[in-house]
Each structure stands twice: as C-alpha cells, then as structure tokens.
2 protein chains.
Amino acid sequence: MNNQIPLDQVLHGDCLEILPHIPSGSVDLIFADPPYNLQLRRELWRTELSKVVGVDHEWDRFSSLSEYDEFTRKWLAECQRCLKDSGTIWVIGSYHNIFRIGSILQDLGYWILNDVIWIKHNPLPNLRGTRFCNAHETIIWAKKCDNDKKYTFHYQALKAGNEDRQMRSDWYFPICSGSERETRDGRTAHPTQKPEGVLRRIISASSNPGDVVMDPFCGTGTTAAVAKALNRRYITMDKEEAYVGLAEKRLAAVSPELMNEPLSILESRRPKVPFINIIESGLLLPGATLRLKSKQKVLAIIHGDATISALGHRGSIHKVGALCLGTPTCNGWINWYYTDEASGDEMLIDCLRSVRF
Amino acid sequence: MNNQIPLDQVLHGDCLEILPHIPSGSVDLIFADPPYNLQLRRELWRTELSKVVGVDHEWDRFSSLSEYDEFTRKWLAECQRCLKDSGTIWVIGSYHNIFRIGSILQDLGYWILNDVIWIKHNPLPNLRGTRFCNAHETIIWAKKCDNDKKYTFHYQALKAGNEDRQMRSDWYFPICSGSERETRDGRTAHPTQKPEGVLRRIISASSNPGDVVMDPFCGTGTTAAVAKALNRRYITMDKEEAYVGLAEKRLAAVSPELMNEPLSILESRRPKVPFINIIESGLLLPGATLRLKSKQKVLAIIHGDATISALGHRGSIHKVGALCLGTPTCNGWINWYYTDEASGDEMLIDCLRSVRF
DNA sequence: TCTGCAAGTGAATCCGTAT
DNA sequence: AATACGGATTCACTTGCAG
C-alpha cells in the first residue's frame, strides 16, 4: 500500500490497522457509522448478570466506557490526520454512543459545525411502553480543526433544493427498507444499514465531484455506493470479509450519475460591478445625492471618483454608510437609495447593478 | 436550611453552594437548563443592520472545556445525590455542550433513557449562509442509576394525548415568544427562556402531582411555574438576584390547575417534505424531465441537488417555474408534470409528496 | 373592528480575499 | 501572520400602527 491511496476499492481489515497507511491530508470528506454494539451488548449483558451474581457496576461500566472511548479516540485521531485542512467529517450515532463521540471530537480539536437530526418516519416502536419511541439518530458534522480554511458546503444548492429556504438541522428520511435494504440468504445483511438518501444529502452538500470520500466502517457499502453514483472517489474498509464481498458486489452495480454538479459550481457568480462602473456609465452622475432609508436626513454626495461624502466623512459607499449608521460595517449597495428621475421614486442603488454592462 | 427541604421558594445562590444542603433522595424529578458555554467570536449583524443579541453573559463564560466539564460534573453529581432512586433527570443543551453533558451523565452512572429532540418551528436562521440552520436542541432523559427501581413515566397518558400513537423522541414546539416571554423594562428578561409547552410535557410525563421537581438553574422560573400549575412542589435557585425576583413575581401569578391530566399535547407541526426528498428517495432521478401543462415545449431537467434547469435558468422548482411562465411567483408542485414510467401518464409532481416518507 | 404593512427578534461556536 | 475592507447573508412569528 505504501503511500499509494487505495481509491475505489473495498479494503479488508480493521480500520485501526488500515487508516495509518492512508496518507495525511488526502481525504476531502469522511462519513463514519461506528459500531456501538461493543458498549451496548456489554451493558445489556451486565444488566442481566448483575441480577444474578451482582457484578460490580462501577468497575464494569468504567471499563466498558473507557474501552469504547479509547477505540473511538484512536480512529477519530487517524481520520483527523487523513483529512485535508479543508475537510469535514460526519459521524452518526444514537444516545448510546453519540455523546462519547461528540466529546472526543471536541477533545481532539475538531470543530463542530452542526449536529443534524435524522428523524425516522417509520422507527421501531418502543415495544415495552417504557420510554419514548426512539425515532431519530444524531449526526455530527465537524471540520478538521478550528482553522480559517474554508470547508465545502453547497449552501445555495441545498437552499434551492429545499424550495428556496435554507436547509435546517432536522432531516426526514424513512429507515432503510424494501429493495434498498441489502440482504444475504434472504435475511437483512447488516443491522444498521443507512438510507442512501441520508448519504446523498451529506455527500452532495459537503463535497465536490472528484473528491475523495472515506468511510472507515464500510458495512454494506452505502457511503461508497452513493459516492460512486455522485462521481466521487472513495476509500472504505471493513474488518468482516463478508461485508467486503457484499459491498464489492453492490458497488459493481452502481453507475455514476450525470447531472449532479452542484448549483454553486455551475452558477458562476454574477461578476461584481464596482460602484465606479455605475458612475462611469452615467447611471448616476457626480453631484447626485444618496439617502439612507432609516436616516432620511443624511444626504450623501457622489463624487466623480465614485467616493461619496456625508456628515463630514468621505470614502466608499460602504465606509461612509457604516460611519453614518454607526455600525461596524455596512453593505452600501443595500443601504443607499437614489432618486429615479423619471418616476421620482427612491430606489436602492443595488438595482443599478442588475443593468447589464 | 439544615435538613429542611426549601420547597416552593426561589433560592438565591449558586447551585454548587445550595445543592449540598438539599437532603439526599428528596427529589422526584430534575429539569436543568445549564449554561451552554457558547463561543461567539464576532458580532453578528442582520442585513438591515440590526445587531443579533447573542448570549454573551458572564454566567455562560468558561475558560476551557475542562473547566466546563468540572462544573458540569459537580452539579450533576449533587443532583444525583438529591434524586430518589426512582427519580429521573432531564438536561437540555445544544451541540456546544450536550456531548459533554451526556458523557458526564454516563460517567457518573446515570442511565440514559432517551434523548429527545426539541424541533423549533421558528429558529434563528443561519444568517451568513455558512451552515445548516440550527433548528433544534437536545434534551437528555436519564434515571439516577442503572437500578431496578421503576421510574415515573405516563406512557398511556402520553399515547392517548398523541392520537393513540406512542410519543416519539421528536418534539415540535415554537420558541418562547409573545406574551409568554418574560420581559423586564420592555426588553427580553432572559435570553434562554424555554417554552412552557416543553416543560409541561416533561413534568406531566415523568412526575406525579405532589412530587418534588427541582431546577438548579431557575432563570425566569419556567420549570417552577409549570410545576406549580401542575400541582407539583418545586425547589429552584439562581445565582443572579434579578432572576430570583423575576421568578418570584412570575410564580405569584400562577394558579395550580384543576384537571391537568390527561396531557394536553400541542399540535405537532412537522415541516412539509421538500422537493429534495423526492430526489433523494429516488422517486425522480437526476436527468429526468419535467413539463409545464400550459407550455408543453418547455422541458426542464432535474439535477442531483434537486434544482431544475430550463430555458437557461437554474434553481428551485418554484423559481424556474416562475421564470418559464413569466409570472412573479409559481408553486412548482402544482405546475410541473413528470412522466410516470409504468403508465406513460403525465402526473403532477405534487402527487409524489403523498408517498409516505 | 378588521386588514395590511413595517418593524422587531430568537442559546449563533455564522466571511473571504487582498495586501 | 495579521489587518483591512468589500460586500454577502435570514425565517417564522409577533406586535404595533396606519388606513
């Protein structure tokens, strides 16, 4: 393996052994669905045992939790090393393990961006009627560290796909079932297979086509399958050979989709028009005046160099706006009004930018 | 104070100093809304140049995560001592602190029963478009320890009040506003006042009339007020004298309710399915086409991010619809048609929303 | 009295590039 | 690396006032 990046394969082995071979800073995005049955099984087992033989609760709980913490710290630290400075990680869990994971993420210096709640329309009910129906899972989204690097987030595309309202932290997906559910010998292949919809939203929101997406706990290969469909590269692994075979078979049937370039890539921003263009093109003449909506008395005069002056201040539309309003910053475009000669209406100078130059 | 239980008063003082005076095993239910340890780095301004009033109070400042952990461990340990063996605790938080809280609860030997998600109808949006809108908070419900004692949980009452379906872990409440919001000198009295609906559900679900309900972080006194209204006793405290006075005044105006069982469950409003869910769930595939009834020649293509493009425009089903029709607005759901593969019929995409998610 | 519009606000780890 | 500065960015709901 050496320093080669094992792309687009399903590796067989424990992530604690494989991750150290992945080069540092080579991964754009990580999704992880770590096991928690380690802890859960032990605690259920302990509960049963304690009824019979009275095992020392304190000691056993501590050993079980700390063992889980140590495992978690190891794989999360390796993931952090593998991530690019601009990379982000998603980790999913339930109340059994998500608090350990969130704390360790913070301890390792990851910087949490959001916790997202996957709300299940069709959860397993609480069969004994002793608690609330556990109808959700928590997914933590974090960046590698508290640096200034920009992380990938297709805000505008998500907003457009969400009917022009920004995407929120509550996500609604059915649990994985029907034909999407992988089976082996006619039985559910993996107990915690995640819906492709969840992975689709995660991968398309926080990575770009061509990016490297890693999943240290492959399972049935949902992450890799969606990554392939969305034209991303993948690195994934599982310590159980049966899952490796299953995932490979699943991946072979996946074809990369067309039409999944994010809106923010296709829609190259409208080129910014500097204020001086407005003056140079004669849309506003030197000597004309501007007003602030909230302070009608403040009158600014436009100079030939596209600076303005008001209340004894002179400078850009932004700077003079901030000084007049007493705010630290000000977007002059959406605060200064000019008077339209034809209609006499007061109009935002931002309107002048939509005129084609 | 001695061994007297200071019932139905608002105590003035730090919970770390007061809690040690509360007798062991004297409390049936605890609700705690501890400081979140928010870390705001810059001022945040809205586009219309009003400043967002964040939580930047002395009581929410900790110098480090470990200091926060230590504080948390101390008050949670005291709470555990105060609880009856059958008692339970609820703690609310956000991603800034809830993982620390959950881990420490587990470390101390509390036994987590559920994590409940309070989903807000009307959260503060993400004003910079840099993350998902943080639209929820997490509430952990735990029992004192992993013992065999039965805890209070009115499963049947909750179910009856929830249209005969068992109550789930996703709860929908608007943020506290309007006349419910406590004010002082005409301004918001406390930045983190919780809605009474949340407390009403918590207290009535997990305690009985006459029980002792404790809140170590009184604030405006919501817990005590709801406890009094529901005929419970309360113990509460705050280290800021101003809040003590405020809560006392609020409590004086509360009358215990008659007939407060069964539960009154607020309407649960869940957001409608956005178009992106249709794509993510595979009901429509990227690359498929949509048509307008009135303009059959206009063909729109669906992209992987649930935007569509037609006539050179790209955006949401609504926006592109409006541009194609030349109307100011357009409800894309009832204007775009897809072709059903099985029948060949043209169907409104609105039909796809009725599929159960 | 009713309607419509404007203004205000809520637990927020909330910019990016050029110099 | 630190600073300067241009200019991009929000949703649901309530209250109050004008008409």
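Convention: sequence-line order gives letters A, B, ...; per-chain numbering from 1.
The aromatic rings of B:Phe99 and A:Phe99 sit tilted, their planes meeting at an angle between 30° and 60°.
Here D:dA8 presents its P atom at 14 Å from OH of A:Tyr155, a figure rounded to the nearest Å. For B:Leu38 and C:dG10, the CG to C1' distance is 13 Å, given to the nearest whole Å. A straight line from CD of A:Glu163 to C1' of D:dC11 spans 15 Å, rounded to a whole angstrom. For the pair B:Glu48 CD and C:dA7 C1', the computed distance is 9 Å after rounding to whole Å. Atoms CH2 (B:Trp118) and P (C:dG10) sit 13 Å apart, rounded to a whole Å. In this structure, the CG atom of B:Leu49 is 12 Å from the C1' atom of D:dT9, given to the nearest Å. Distance CG (A:Asn277) to P (D:dG6): 15 Å, rounded to an integer number of Å. Here D:dT9 presents its P atom at 17 Å from CZ of B:Phe132, a figure rounded to the nearest Å.
Not a single donor-acceptor pair under 3.5 Å links the side chain of B:Glu280 to the backbone N or O of B:Ala306.
Ring centroid separation for the pair A:Phe275 and A:Trp336 does not come in under the 6.0 Å cut-off. B:Phe217 and B:Trp75 have their aromatic ring centers within a separation under 6.0 angstrom. Note: B:Trp141 and B:Trp171 fail the aromatic proximity criterion, with ring centroids not under 6.0 Å apart.
With hydrogens and angles left out, the side chain of A:Lys319 and the base of D:dA4 share no donor-acceptor pair within 3.5 Å. Between the side chain of A:Asn331 and the base of D:dA8 there is at least one donor-acceptor pair of N/O atoms closer than 3.5 Å. Contact annotation: side chain of A:Arg353 to base of D:dG7, donor-acceptor pair absent below 3.5 Å.
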Quiz item: What is the per-nucleotide protein-contact pattern of nucleotides 14-19 of chain C, from the 5' end, where B denotes a base atom under 4.0 Å from a protein heavy atom, S denotes such proximity for sugar-phosphate atoms only, and - denotes neither?
Solution: BBS---
Quiz item: After noting the C-alpha distance and the side-chain angles of A:Ser204 and B:Asp305, does the key distance pass the side chain to side chain donor-acceptor pair (under 3.5 Å) rule?
Solution: CA-CA 7 Å; A:Ser204 54; B:Asp305 55 12; over 6 Å; no
Quiz item: Are B:Lys74 and B:Asp69 close enough, and set up right, to give a salt bridge (Lys or Arg N to Asp or Glu O under 4.0 Å), and what steps lead you there?
Solution: CA-CA 9 Å; B:Lys74 281 181 184 163; B:Asp69 288 348; over 6 Å; no
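With sequence neighbours excluded, the residues satisfying side-chain contact (heavy atoms from CB on, under 4.5 Å) with A:Ala205 are A:Leu158, B:Phe132. With sequence neighbours excluded, the residues forming a salt bridge (charged side-chain N to carboxylate O under 4.0 Å, His left out) with B:Arg250 are B:Glu182, B:Glu196, listed by chain and number. Annotation: salt bridge (charged side-chain N to carboxylate O under 4.0 Å, His left out) contacts of A:Lys150 (sequence neighbours excluded): none. Not counting sequence neighbours, the partners of A:Thr339 by the side-chain contact (heavy atoms from CB on, under 4.5 Å) test are A:Glu346.
Taking atom P on both C:dA12 and D:dG6, the two are 29 Å apart, rounded to the nearest angstrom. Comparing the same atom, P, in C:dA11 and in C:dA7 gives a spacing of 24 Å after rounding to whole Å. The P atoms of D:dT10 and C:dG16 are separated by 14 Å, rounded to the nearest whole Å. Comparing C:dG8 with D:dT9, their P atoms sit 23 Å apart, to the nearest whole Å. Across D:dC17 and C:dT1, the matching C1' atoms stand 15 Å from one another, rounded to whole Å.
Listed candidates were C:dG10, D:dT9, C:dA11. Nearest to the side chain of A:Ile334 is D:dT9. Counting only heavy atoms from C-beta on, A:His318 has its side chain closest to D:dG6 among C:dA11, D:dG6, D:dC13. Nearest nucleotide to the B:Trp59 side chain, out of C:dA12, C:dA11, C:dG10: C:dA11. In the set C:dA12, D:dG7, C:dG10, the nucleotide with an atom closest to the side chain of B:His96 is C:dA12. In the set D:dT10, D:dC13, C:dA12, the nucleotide with an atom closest to the side chain of A:Lys159 is D:dT10. Nearest nucleotide to the side chain of A:Arg165, out of D:dC13, D:dC11, C:dG10: D:dC11. The side chain of A:Gln166 approaches D:dC11 more closely than any other nucleotide in the set D:dC11, D:dA12, D:dT9. Comparing C:dT9, C:dA11, D:dC13 by their nearest atom to the side chain of B:His121 picks out D:dC13.
Looking at heavy-atom distances under 4.0 Å, A:Cys330 makes contact with a base. Among the atoms of the strands shown, none is found under 4.0 Å from any heavy atom of A:Pro274. Within the 4.0 angstrom heavy-atom criterion, no nucleotide atom of any strand lies near A:Asp146. Residue-level contact check: B:Arg181 touches the backbone only, with heavy atoms under 4.0 Å from sugar-phosphate atoms and none from bases. Across all strands shown, B:Thr47 has heavy atoms under 4.0 Å from base atoms, whether or not it also approaches the sugar-phosphate. Residue B:Asp60 is in base contact, counting any heavy-atom pair closer than 4.0 Å across all strands shown. Contacts of A:Leu113 with the nucleic acid, taken as non-hydrogen atoms under 4.0 Å apart, are absent.
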Exercise. Taking Watson-Crick and G-U wobble pairs with both distances under 3.5 Å, convert DNA chain D into its dot-bracket string, 5' to 3', dots for unpaired and | for cross-strand pairs.
Key: .|||||....|||||||||
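No hydrogens or angles considered: nothing links the side chains of B:His96 and B:Gln39 as a donor-acceptor pair under 3.5 Å.
Between A:Gln156 and the phosphate of D:dT9, there is a side-chain N or O to OP1/OP2 separation shorter than 4.0 Å. Between B:Ser50 and C:dA7 there is no side-chain polar atom (N or O) within less than 4.0 angstrom of OP1 or OP2. An OP1 or OP2 oxygen of C:dA12 is reached within less than 4.0 angstrom by no side-chain nitrogen or oxygen of B:Tyr36.
In terms of position on DNA chain D, the residue among B:Gly178 and A:Pro328 whose nearest nucleotide sits closer to the 5' end is A:Pro328.
By the 6.0 Å contact criterion, NZ on A:Lys143 is enclosed, its count of non-hydrogen atoms from other residues, nucleotides or ligands being greater than 12.
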